[in-house]
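Below is one structure; the comments refer to it alone.
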Amino acid sequence: MNIHLCKGDETLEQALQYVNEHDKENKKYTFDKESDRCYIGDDAFVSAPVLINYKNTYYALHEVE
């Protein structure tokens with residue numbers, strides 16, 4: 001699991017773009033702001049290949065098929 005911590009005024013869209021541009025395996029990810037919001041310890045948090053931490057809120061990314 002990788003975690004991307006948003007910096008300063010970075011938006012969720014910018015964070016997703018950064019993750020997609022810098023993935024070591026060239027995988028592409030996406031997420032939904034509503035349904036992919038997750039909490040420490042829940043299923044989505046534990047099983048996500050990548051998480052974005054945006055203002056102390058976590059979003060579970062999933063690979064684009």
Side-chain angles (χ1 to χ4, degrees):
M1 172 192 319
N2 293 321
I3 299 177
H4 176 79
L5 303 174
C6 289
K7 296 156 186 74
D9 60 353
E10 182 178 29
T11 66
L12 282 170
E13 291 76 15
Q14 290 169 325
L16 177 61
Q17 180 180 355
Y18 179 88
V19 168
N20 282 331
E21 289 175 355
H22 294 92
D23 186 78
K24 292 178 182 178
E25 297 176 9
N26 293 320
K27 294 181 180 179
K28 299 298 179 201
Y29 300 94
T30 189
F31 72 102
D32 179 276
K33 289 181 185 178
E34 300 301 319
S35 64
D36 291 325
R37 184 175 176 178
C38 61
Y39 301 92
I40 295 173
D42 70 16
D43 241 12
F45 184 95
V46 173
S47 62
V50 180
L51 295 170
I52 291 177
N53 180 319
Y54 176 72
K55 298 184 178 181
N56 293 323
T57 302
Y58 290 94
Y59 296 88
L61 277 56
H62 44 90
E63 191 174 348
V64 174
E65 299 284 329

Give every residue pair that meets the side-chain hydrogen bond (donor to acceptor under 3.5 Å, both in side chains) criterion with at least one member in residues 44-58, sequence neighbours excluded. Asn53-Tyr58

What's the separation between atom OG in Ser35 and atom OH in Tyr59, rounded to the nearest 0.5 Å? 11.0 Å

With sequence neighbours excluded, what pairs up with Thr11 under the side chain to side chain contact (heavy atoms under 4.5 Å, CB included) test? Glu13, Gln14

Considering residues, nucleotides and ligands other than Asp43, do more than 12 of their heavy atoms fall under 6.0 Å from its CG? no

Using the ring centroid of each side chain, check whether Phe31 and His62 are separated by less than 6.0 Å. no

May I have the step-by-step check of side chain to side chain contact (heavy atoms under 4.5 Å, CB included) for Leu61 and Leu51, ending in yes or no? CA-CA 6 Å; Leu61 277 56; Leu51 295 170; over 6 Å; no

Nearest-0.5 Å distance, CG of residue Asp36 to CD1 of residue Ile52: 10.0 Å

Heavy atoms, side chains only, cut-off 4.5 Å: are Tyr29 and Asn20 in contact? yes

List the residues meeting side chain to side chain contact (heavy atoms under 4.5 Å, CB included) with Asp42, not counting sequence neighbours, and say none if there are none. Cys38, Tyr39, Ala44, Phe45

Grouping I, L, V, M, F, W and Y whenever their side-chain heavy atoms are under 4.5 Å apart, do Leu5 and Ile40 come out in a common cluster? yes

Gap between atom OH of Tyr18 and atom NZ of Lys7 - 0.5 Å precision: 6.0 Å

Side-chain donor-acceptor pair present, His4, Glu10, cut-off under 3.5 Å: yes

To the nearest 0.5 Å, tell me how far Leu16 CG sits from Lys33 NZ. 10.5 Å

